[in-house]
Enquirer: 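Let me begin by handing over the structure; questions about it come next.
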Amino acid sequence: MPSALVTGGSSGIGLAIARMLRDEGYDLTLAARKLERLESAGRDLAAEIVSADVRREDDCVRLVDAHTQRWGGLHVLVNSAGIGVAAPIAELSAKHWDLQLDVNLRGTFLVTQQALPQLRASRGLIVNLSSIAGTLATPGLSAYGASKAAVIAFTRTLVREEDANGVRATALCPAFVDTPMAEWSGIPGEDMIRPEDCAELVRALLRLGPNARVPLIVVERAGDRI
């Protein structure tokens with residue numbers, strides 16, 4: 001049976017994608033920092049759980065090793081762990097700048113690098129959660145946007161480097177999604193993109209033939225003028 005590893009898998013977009021993968025018959029490992037929510041998601045999806053901080057290289061090594069030992073391989077990696085701190089550039093602290101780059105970019109790199117041998121063996125799929133903020137100027141989200149733009153660049157390079165190994169990669173870039181991270185926007189949840197919409201796009205990627213490459217998917221929100 002194929003298996004998938006989802007970071008940030010205890011809530012929001014990561015959890016929605018994990019549910020879809022379970023429906024598609026994947027054995028799952030979910031990773032997150034907050035153990036209580038992680039345990040709840042693990043019970044709900046009959047998934048292996050690993051408490052991990054993707055900023056820490058040792059945690060990323062331990063995470064991929066735990067998944068491989070439990071399921072014997074890896075077919076889909078979803079890098080959904082992320083954080084956003086809204087503030088104008090003039091008021092953004094260096095601490096919050098570093099935090100967003102570390103979680104959103106460094107974490108994606110570390111988990112991907114550790115997982116590549118298994119994904120090469122399975123000719124697998126990597127989905128990196130980016131954001132529409134990585135494709136355009138978004139006041140108040142300078143660090144978040146910069147980190148997500150870097151995820152897009154990282155993913156495009158990954159596609160080229162791993163093409164001969166059969167590994168596919170996609171940066172998924174939605175506008176505001178109805179998750180706790182987006183509450184600061186003041187946009188009503190019913191006017192946002194659903195986490196399940198992101199999951200359906202990943203489902204479509206799973207359906208593609210091995211020679212199809214989709215480096216980038218941008219999902220606009222109805223009513224936005226960008």
Side-chain angles (χ1 to χ4, degrees), residues 6-18 31-34 37 52-57 59-60 77-113 126-158 169-189 191-199 201-202 215-226:
V6 183
T7 71
S10 65
S11 64
I13 297 172
L15 180 56
I17 293 173
R33 288 192 305 119
K34 296 182 179 179
R37 288 194 302 187
D53 183 344
V54 297
R55 296 174 295 177
R56 298 174 57 87
E57 187 172 5
D59 277 18
C60 296
L77 170 63
V78 180
N79 286 304
S80 185
I83 189 169
V85 180
I89 293 171
E91 300 172 13
L92 181 66
S93 69
K95 174 183 176 181
H96 284 153
W97 174 275
D98 291 345
L99 176 64
Q100 292 173 89
L101 269 291
D102 281 351
V103 174
N104 300 344
L105 180 58
R106 175 182 166 87
T108 294
F109 158 69
L110 288 173
V111 178
T112 298
Q113 185 182 63
I126 301 168
V127 178
N128 294 327
L129 262 295
S130 182
S131 168
I132 201 168
T135 70
L136 50 83
T138 308
L141 293 179
S142 60
Y144 182 77
S147 70
K148 294 301 188 178
V151 167
I152 293 170
F154 172 76
T155 304
R156 287 188 178 277
T157 302
L158 184 62
T170 298
L172 181 56
C173 308
F176 284 115
V177 179
D178 185 15
T179 67
M181 188 185 296
E183 289 177 354
W184 70 272
S185 69
I187 301 170
D191 293 336
M192 294 189 193
I193 297 164
R194 300 175 305 161
E196 292 77 15
D197 296 329
C198 297
L201 290 169
V202 177
L216 183 70
I217 298 176
V218 176
V219 189
E220 296 181 4
R221 188 181 67 88
D224 282 346
R225 298 291 179 263
I226 58 178

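Being a predicted model, the structure only gives us computed values, none of them experimental.
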Enquirer: Sequence neighbours left out, what passes salt bridge (Lys or Arg N to Asp or Glu O under 4.0 Å) with Arg33? Give chain and number order.
Expert: none

Enquirer: Quick one: list whatever passes side-chain contact (heavy atoms from CB on, under 4.5 Å) with Ala18, sequence neighbours left out.
Expert: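 Ala18 satisfies side-chain contact (heavy atoms from CB on, under 4.5 Å) with Val6, Leu28, Leu30, Leu45 once adjacent residues are dropped.
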
Enquirer: Any salt bridge between Arg56 and Asp53, counting N to O under 4.0 Å?
Expert: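 No, Arg56 and Asp53 are not salt-bridged.
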
Enquirer: Just jot down the side-chain contact (heavy atoms from CB on, under 4.5 Å) partners of Val85, sequence neighbours excluded, or say none.
Expert: His96, Gln100

Enquirer: Taking salt bridge (Lys or Arg N to Asp or Glu O under 4.0 Å) as the test, write out the residues that go with Asp102, two or more places apart.
Expert: none

Enquirer: With a 4.5 Å limit on heavy-atom distance, are the side chains of Arg55 and Leu99 in contact?
Expert: yes

Enquirer: With sequence neighbours left out, what residues match Thr155 under side-chain hydrogen bond (donor to acceptor under 3.5 Å, both in side chains)?
Expert: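 Thr155 satisfies side-chain hydrogen bond (donor to acceptor under 3.5 Å, both in side chains) with Asn128 once adjacent residues are dropped.
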
Enquirer: Mind checking side-chain hydrogen bond (donor to acceptor under 3.5 Å, both in side chains) for Ser147 and listing every partner two or more places apart, or none if nothing turns up?
Expert: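 Ser147: side-chain hydrogen bond (donor to acceptor under 3.5 Å, both in side chains) contacts with Asn104.
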
Enquirer: Taking only residues two or more places apart in sequence or in another chain, which ones pass salt bridge (Lys or Arg N to Asp or Glu O under 4.0 Å) with Asp197?
Expert: Arg194

Enquirer: Considering only heavy atoms from C-beta outward, does the side chain of Ile132 approach that of Pro174 to under 4.5 Å?
Expert: no

Enquirer: Can you sort out the partners of Ser130 under side-chain contact (heavy atoms from CB on, under 4.5 Å), two or more places apart, ordered by chain and number?
Expert: Lys148, Val151, Ile152, Ala171, Cys173

Enquirer: Quick one: list whatever passes side-chain contact (heavy atoms from CB on, under 4.5 Å) with Ile17, sequence neighbours left out.
Expert: Ile13, Met20, Leu21, Val78, Leu129, Ala199, Val202

Enquirer: Around Glu57, counting heavy atoms of other residues, nucleotides and ligands shown, do more than 12 lie under 6.0 Å from its CD?
Expert: no

Enquirer: Do Leu172 and Leu201 have side-chain heavy atoms sitting under 4.5 Å apart?
Expert: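 In contact.
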
Enquirer: With sequence neighbours left out, write down each residue that passes side-chain hydrogen bond (donor to acceptor under 3.5 Å, both in side chains) with Thr170, or none if nothing qualifies.
Expert: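 Thr170: no side-chain hydrogen bond (donor to acceptor under 3.5 Å, both in side chains) contacts found.
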
Enquirer: For Arg37, which residues count as a salt bridge (Lys or Arg N to Asp or Glu O under 4.0 Å) partner, sequence neighbours excluded?
Expert: none

Enquirer: Can you see which heavy atom on Arg221 is nearest to which on Met192, and at what distance?
Expert: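 Looks like CD-CA, 3.9 Å.
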
Enquirer: Taking only residues two or more places apart in sequence or in another chain, which ones pass side-chain hydrogen bond (donor to acceptor under 3.5 Å, both in side chains) with Arg106?
Expert: none

Enquirer: Can you find a heavy atom in the side chain of Ile83 that is under 4.5 Å from one in the side chain of Tyr144?
Expert: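 SC-SC contact between Ile83 and Tyr144 ruled out.
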
